[in-house]
Amino acid sequence: MIIQNSNFNIMQIAESGQCFRMNRVQDSDERMKYGVVAYGEYLEITQLSDDQLELSCSEEEYHRLWEDYFDLTYDYGKLVKNLIEGEDLFLSEAAEFGKGIRILKQEPYEAAISFIISQNKNIPAIKSCIEAICTRYGERKVCEKCGGKEYFTFPAPKVLAEAIKEDLRALKTGYRDTYIISISKAIAEGSLNLDELKHISFEEAVRTLKKIRGVGDKVANCIALYGLHHISGFPVDVWILRVLDEIYQNQFELEKYAGYAGIVQQYMFYYMRHKKGVA
DNA sequence: AGCCAGGTGACCG
DNA sequence: CGGTCACATGGC
């Protein structure tokens, strides 16, 4: 099916470092086409033009799943316009440059494991590690609508709860192996429920998340932002540190963006990496 | 060949 | 609280 949206650029979303299972797939044309696995399903997205995309799903599946996943009921256009017209030159440029980015609503558990793995790894390494985990522990499925494309779902907590440390190590998790098993066990046995954290305040959610082994302030903010859709989340990684330091001399006023700081952060991250020639 | 990567926990004063 | 250090391992 085809959708219209002038703030939806699939290449920008895929390169924005918020999800790790969205990859470019070859198209007969030179068009940007990406595939993503989420919620046990596989979807291909083709950018037909600046404001038009083709999704490889039925309308039923779109309304049941992907419309929410891509946060398509939120008006990013209004926010982008305000930032572009605002006083802050860097943010104005960043919003203009990344105006097709949206904050995805990923599965909380997948976001948690993904960002626990992300620490001290670069994005390509994170992606290959997660893909290896899905191939080893996920469920194999085939997408008939996509020419019989084979894919692996993200494993359930109870599966990784019973994983062997050495097996995880073989998939390049490094010292994070025990973190992965620990959080998975907590969820599998019911002492931790990530979904519940969607319905409490952002601050309280972060406080709870930071009690998990391997989850510090940065990862907690990532889980809150990308897995719980607490868009007040403002993850500070090495790139955002550079922005805060080099652009704002550590005088950035986060309070100005209260309530949607996570979206601002995403434009900053994407733009700074571009300026430094990484992406 | 080293330094860096969407950091965290432990330990220190 | 703020500073330092080890951690496991691929990317570039």
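Chain letters run A, B, ... following the sequence lines, proteins first, then strands; residues in each count from 1.
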Novice: With side-chain hydrogen bond (donor to acceptor under 3.5 Å, both in side chains) as the criterion, how do K127(A) and N23(A) come out once you've worked through the C-alpha distance, each side chain's angles and the decisive distance to 0.1 Å?
Specialist: CA-CA 10 Å; K127(A) 292 175 81 163; N23(A) 295 296; 3.1 Å; yes
Novice: Of G214(A) and S16(A), whose nearest nucleotide on DNA chain B comes first from the 5' end?
Specialist: S16(A)
Novice: Using the C1' atom on both, measure dG10(C) against dG9(B) and round to a whole Å.
Specialist: 23 Å
Novice: Looking at dG6(B) and W239(A): do their rings stack (centroid distance under 5.5 Å, interplanar angle under 30°)?
Specialist: no
Novice: How do K121(A) and R213(A) order along DNA chain B: which one's closest nucleotide is nearer the 5' end?
Specialist: K121(A)
Novice: Nearest of dG6(B), dT8(B), dA8(C) to any side-chain atom of S118(A)?
Specialist: dG6(B)
Novice: Contact class for V215(A) vs. all strands (heavy atom < 4.0 Å): base, sugar-phosphate, or nothing?
Specialist: sugar-phosphate
Novice: Between SG of C57(A) and NZ of K145(A), what distance do you get to the nearest 0.5 Å?
Specialist: 7.5 Å
Novice: With nearest nucleotides of DNA chain C determined for N122(A) and Q119(A) from heavy-atom distances, which residue corresponds to the more 5′ nucleotide?
Specialist: Q119(A)
Novice: With a 4.0 Å limit, can you tell me whether R169(A) has a side-chain N or O closer than that to the phosphate oxygens OP1/OP2 of dG10(C)?
Specialist: no
Novice: Determine the contact category for L241(A): base if any of its heavy atoms lies under 4.0 Å from a base atom, sugar-phosphate if only primed atoms, P, OP1 or OP2 are that close, otherwise nothing.
Specialist: nothing
Novice: What nucleotide, of dG6(B), dG9(B), dG11(C), holds the atom closest to the side chain of P235(A)?
Specialist: dG6(B)
Novice: Checking contacts here: which listed nucleotide (dG9(B), dG7(B), dG6(B)) is nearest the side-chain heavy atoms of V238(A)?
Specialist: dG7(B)
Novice: In terms of side-chain heavy atoms of S128(A), which of dG9(B), dA5(B), dG11(C) is nearest?
Specialist: dG11(C)
Novice: Determine the contact category for G17(A): base if any of its heavy atoms lies under 4.0 Å from a base atom, sugar-phosphate if only primed atoms, P, OP1 or OP2 are that close, otherwise nothing.
Specialist: base
Novice: Less than 4.0 angstrom between a side-chain N/O of R273(A) and OP1 or OP2 of dG6(B), yes or no?
Specialist: yes
Novice: Choosing from dC4(B), dG6(B), dC7(C), which nucleotide comes nearest the side chain of Y175(A)?
Specialist: dC7(C)
Novice: Can you find a donor-acceptor pair, distance only, under 3.5 Å between Y226(A) side chain and dG6(B) base?
Specialist: yes
Novice: Please measure how far the C1' atom in dC12(C) lies from the corresponding atom in dA1(B), and state the result in whole Å.
Specialist: 12 Å
Novice: Strictly below 4.0 Å: does K218(A) bring a side-chain N or O up to OP1 or OP2 of dG7(B)?
Specialist: no
Novice: Roughly how far, to the nearest 0.5 Å, is the NZ atom of K105(A) from the CG atom of L65(A)?
Specialist: 11.5 Å
Novice: How about E246(A) and M272(A): do any of their side-chain heavy atoms sit closer than 4.5 Å?
Specialist: yes
Novice: What's the closest nucleotide to the N120(A) side chain, out of dG11(C), dT8(B), dC7(C)?
Specialist: dC7(C)
Novice: Roughly how many Å apart are dG2(C) and dG6(B), using the C1' atom of each and rounding to a whole number?
Specialist: 23 Å
Novice: Does the gap between the ring centers of F90(A) and Y271(A) come in under 6.0 Å?
Specialist: yes
